[in-house]
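A short write-up of the structure that comes next.
Being a predicted model, the structure only gives us computed values, none of them experimental. Every chain is numbered from 1 and lettered A, B, ... according to where its sequence line falls, protein lines coming before strand lines.
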Protein chains: 2
Amino acid sequence: MLHFWYVHSMLDHIRDKNALITMQKAGISKTQQRIAVLNILSKAATPLNISSIRQSLQSKTRINRVTIYRILSLFKMRGIIRDITSSGISYYELATRENPVHPHFNCLNCGKLSCLEPLTFSQAKHLFNTDENFSIEHIEINISGLCSYCRNAT
Amino acid sequence: MLHFWYVHSMLDHIRDKNALITMQKAGISKTQQRIAVLNILSKAATPLNISSIRQSLQSKTRINRVTIYRILSLFKMRGIIRDITSSGISYYELATRENPVHPHFNCLNCGKLSCLEPLTFSQAKHLFNTDENFSIEHIEINISGLCSYCRNAT
DNA sequence: ACCAAAAATGCAACATAGTTGCAATTATTT
DNA sequence: AAATAATTGCAACTATGTTGCATTTTTGGT
């Protein structure tokens with residue numbers, strides 16, 4: 001039987017490799033800080049906000065607050081990640097083919113952001129009577145309430 | 001023919017009266033600052049963010065930054081206003097029967113937030129497969145791109 | 001209309017998010 | 001392996017938002 005730590009170090013290794021490939025494709029320098037940020041986002045099951053990212057990073061990599069902002073901003077520009085702002089807080093998630101744009105659910109109790117089933121852009125676009133000639137570039141749908149855990153806990 | 005200033009002072013008078021009635025109904029003290037904030041929001045054609053509200057207020061009423069936050073928070077709790085957070089900035093609009101919850105359009109160029117045609121809560125709710133037992137309390141839909149003005153200006 | 005009690009405002013101080021310029025460090029290219 | 005280019009760290013700054021406490025304004029009873 002494989003050991004826990006072994007499986008994990010193996011996964012970490014794969015992730016590091018993927019991170020390098022991603023940055024290669026994007027044509028940006030492969031720095032330790034960028035790899036670390038990318039790995040944290042690829043490990044995450046839900047979109048993460050800056051403070052979660054900082055916490056996860058500080059234990060492993062020495063990284064400045066400003067650097068995180070700059071890396072996230074660069075990743076966003078290059079289409080590597082997407083940001084979701086729910087209740088005034090920015091969350092980040094990987095933007096891959098396998099992970100298309102989708103609505104999010106923000107628990108008002110625990111604050112966790114979960115991903116909902118995707119709605120295609122055209123489906124969503126169809127909903128809104130935009131006879132006024134707006135050019136739609138982004139549709140953000142955020143739903144809030146209580147997640148199943150918090151709902152049952154109360 | 002009626003003079004411009006006359007019509008306006010008349011409208012202001014009606015607004016002041018409406019503001020007083022609103023606060024009476026909500027069972028909260030009728031203060032100058034609250035009347036001023038309420039009037040600004042009732043005059044506005046689009047949802048306003050804090051800095052717009054501050055700017056509009058400072059010319060007329062002496063009011064502290066903190067007071068505006070407290071008033072908006074109270075109004076929100078009492079259901080007098082609604083807040084919309086688009087791209088990390090909070091905007092406020094009157095929450096009346098005639099003005100139901102609706103999606104918003106945020107121009108990425110000029111930053112202005114416009115109101116789109118409403119979608120009923122049940123229409124919107126129906127869209128999302130929430131088989132997981134989330135309890136939905138709020139659905140926020142924000143669309144961004146270029147407004148007609150900015151689109152044509154470029 | 002006045003006075004006491006209750007409520008709201010102003011102010012100072014603080015916390016967090018996010019940005020910018022510049023010097024020091026790290027990647028990349030040859 | 002060295003020179004150049006890019007990135008990071010740091011200090012300082014802006015904006016948003018919050019809290020405690022003293023001062024002022026509203027409210028409600030007389």
side-chain hydrogen bond (donor to acceptor under 3.5 Å, both in side chains) involving B:Asn39 - partner list, sequence neighbours excluded: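 Scan of B:Asn39 (side-chain hydrogen bond (donor to acceptor under 3.5 Å, both in side chains), adjacent residues dropped) gives B:Asp16.
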Nearest whole Å is fine: how far is [N] [atom2] from [X] [atom1]?
X       : N      : atom1 : atom2 : answer
B:Met77 : C:dA7  : CE    : C1'   : 13 Å
B:Leu72 : C:dA8  : CG    : C1'   : 15 Å
B:Tyr91 : D:dG17 : OH    : C1'   : 17 Å
B:Ile53 : D:dA15 : CD1   : C1'   : 15 Å
B:Arg54 : C:dT9  : CZ    : C1'   : 15 Å
A:Tyr69 : C:dT19 : OH    : P     : 8 Å

Any pair counted as salt bridge (Lys or Arg N to Asp or Glu O under 4.0 Å), so long as it reaches residues 91-103 of chain A, sequence neighbours left out: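 Listed once each, the pairs are A:Arg82-A:Glu93.
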Residue pairs passing the salt bridge (Lys or Arg N to Asp or Glu O under 4.0 Å) test where at least one lies in residues 18-37 of chain B, sequence neighbours excluded: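 Those involving residues 18-37 of chain B do not exist here.
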Stepwise side-chain contact (heavy atoms from CB on, under 4.5 Å) test for B:Tyr92 and B:Ile50: CA-CA 8 Å; B:Tyr92 300 87; B:Ile50 292 269; 4.1 Å; yes
B:Thr96 versus B:Asn99, side-chain donor and acceptor atoms under 3.5 Å: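 Judged by distance alone, the side chains do not pair up.
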Those residues that, when tested against A:Lys43, pass salt bridge (charged side-chain N to carboxylate O under 4.0 Å, His left out) (two or more places apart):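 Partners of A:Lys43 under the salt bridge (charged side-chain N to carboxylate O under 4.0 Å, His left out) test: A:Asp12.
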Annotated protein contacts, base or backbone, on nucleotides 5-14 of chain D with a non-hydrogen cut-off under 4.0 Å, one of B, S, - each: -SSSBBBB--
Sugar-phosphate only, base, or nothing, as touched by A:Ile89 at under 4.0 Å among non-hydrogen atoms: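 The residue A:Ile89 makes no contact with any strand.
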N or O in side chain of B:Ser73 less than 4.0 angstrom from D:dT18 OP1/OP2: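 Checking B:Ser73 against D:dT18: no side-chain N or O falls below 4.0 Å of OP1 or OP2.
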Over all atoms of both residues, closest heavy-atom pair of B:Ile80 and B:Ile28: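 Answer, listing the atom of B:Ile80 first, then B:Ile28: CD1-CD1, 4.3 Å.
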Residue among B:Ile71, B:Ile63, B:Ile68 satisfying side-chain contact (heavy atoms from CB on, under 4.5 Å) with B:Ile53: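 Of all the options given, the one that passes is B:Ile68.
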Side chain proximity check, A:Leu38 to A:Met23, heavy atoms < 4.5 angstrom: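 Side chain of A:Leu38 against side chain of A:Met23, heavy atoms only: contact under 4.5 Å found.
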Terminal axes of the helix from C:dA1-D:dT30 to C:dT30-D:dA1 (five pairs each): angle between them, nearest 10 degrees: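 The end axes of the helix from C:dA1-D:dT30 to C:dT30-D:dA1 are about 40° apart, to the nearest 10°.
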